[in-house]
Amino acid sequence: RMKAAAYSAAGGDFAKLLWDQDRDSTGHMTWPEFRHTCRRVLKLSGEDAHLRAIFASLDADGSGFVAIEEIVAFVQGPVEHIRVRMRIAAKAREGDAWEMLIESQATDGYIDFVQFRALCRDILGLDERESHLRAVFAQLDYERCGDVAIDDVIEFMRSDAGRRIAAAIAADDDGVESVASSGGATQPPGETASCAFAKSEAAGTVERMRSR
């Protein structure tokens, strides 16, 4: 209902609608501001308990504030929501050096789903559903190798590039639901020939660079 109301009220530009509610230009909303937006702007009539539950789920650190970009991501869907939360959590922990934190979780430049899940949950402190995490990983692992280049994860987390990737995922009608309904399987066993070739080429390039 919130998503439908957002697009109805905003005419497709929900982000602008929310930023227009940011009277003090902090980039965040408090619970009273969030409630006011839902009630007065989006015309939602559900119980406050439901709105509080949404706000609390977005206010992961219990600060009483939620970033507007995180609310926008929540409305746009789980993939965009996870992308934004990953970046916010990484920057909160490491500041401008957040990319080094992400790179440190890789093995030889790649990360498998177990490592990706550990990155999201243990390192970044996200409590997203496993089916949603698997959906993100499955879309990044488009060649079904079973692992993803860490540079692709970082690119996904960056603002502009990540938004385009998330939009492309959302455009796939099956997207998240197909992965969730399949029990989270993200690739067939083993490694495809194209994956093996790509990794071999990458390893060869690195070795040639080192030998110069």
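Residue numbers start at 1 and run along the sequence shown.
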Measuring from [X]:[atom1] to [Y]:[atom2], what's the distance to the nearest 0.5 Å?
X	Y	atom1	atom2	value
Ile82	His132	CD1	NE2	7.0 Å
Glu69	Arg83	CD	CZ	7.5 Å
Gln105	Leu119	CD	CG	5.5 Å
Arg52	Cys38	CZ	SG	12.0 Å
Met157	Leu124	CE	CG	6.0 Å

In terms of ring plane angle, is the pair Phe137 and Phe113 parallel, tilted or perpendicular, where the classes change at 30° and 60°? perpendicular

Run Asp147 and Phe116 through side chain to side chain contact (heavy atoms under 4.5 Å, CB included) and show every step you take. CA-CA 9 Å; Asp147 52 22; Phe116 179 76; over 6 Å; no

Summary of salt bridge (charged side-chain N to carboxylate O under 4.0 Å, His left out) pairs that have at least one residue in [range], sequence neighbours excluded:
range	value
residues 88-111	Glu99-Arg158
residues 24-41	Arg35-Asp48, Arg39-Asp48
residues 110-129	Arg85-Asp127, Arg85-Glu128, Arg117-Glu130, Arg121-Glu130

Sorted by chain and residue number, the side-chain contact (heavy atoms from CB on, under 4.5 Å) partners of Ala149 (sequence neighbours excluded) come out as Tyr110, Asp152

State which residues pass side-chain contact (heavy atoms from CB on, under 4.5 Å) with Ser63; sequence neighbours excluded, sorted by chain then number. Asp59, Asp61, Phe65

Hey, mind stepping through Trp19 and Asp22 against side chain to side chain contact (heavy atoms under 4.5 Å, CB included) and telling me if it holds? CA-CA 5 Å; Trp19 284 108; Asp22 184 26; 3.8 Å; yes

Could you identify which residues cluster with Tyr142, counting Ile, Leu, Val, Met, Phe, Trp and Tyr as linked when any side-chain heavy atoms lie under 4.5 Å apart, either directly or through a chain of such contacts? none

Going by chain and number, the hydrophobic cluster around Val84 (ILVMFWY, side chain to side chain under 4.5 Å) further includes Ile88

Side chain to side chain, Leu58 and His81, heavy atoms closer than 4.5 Å: yes

Does a side-chain heavy-atom distance below 4.5 Å link Ile102 with Met86? no

Flag, side chain of Asp141 to backbone of Val148, donor-acceptor distance under 3.5 Å: no

Is the backbone N or O of Glu155 less than 3.5 Å from a side-chain atom of Asp151, with the two atoms forming a donor-acceptor pair by type? no

Run the side chain to side chain contact (heavy atoms under 4.5 Å, CB included) test on Phe34 and Ile71 for me, step by step, so that the C-alpha distance in whole Å, both residues' side-chain angles and the decisive distance to 0.1 Å come before the verdict. CA-CA 9 Å; Phe34 179 77; Ile71 300 173; 4.0 Å; yes

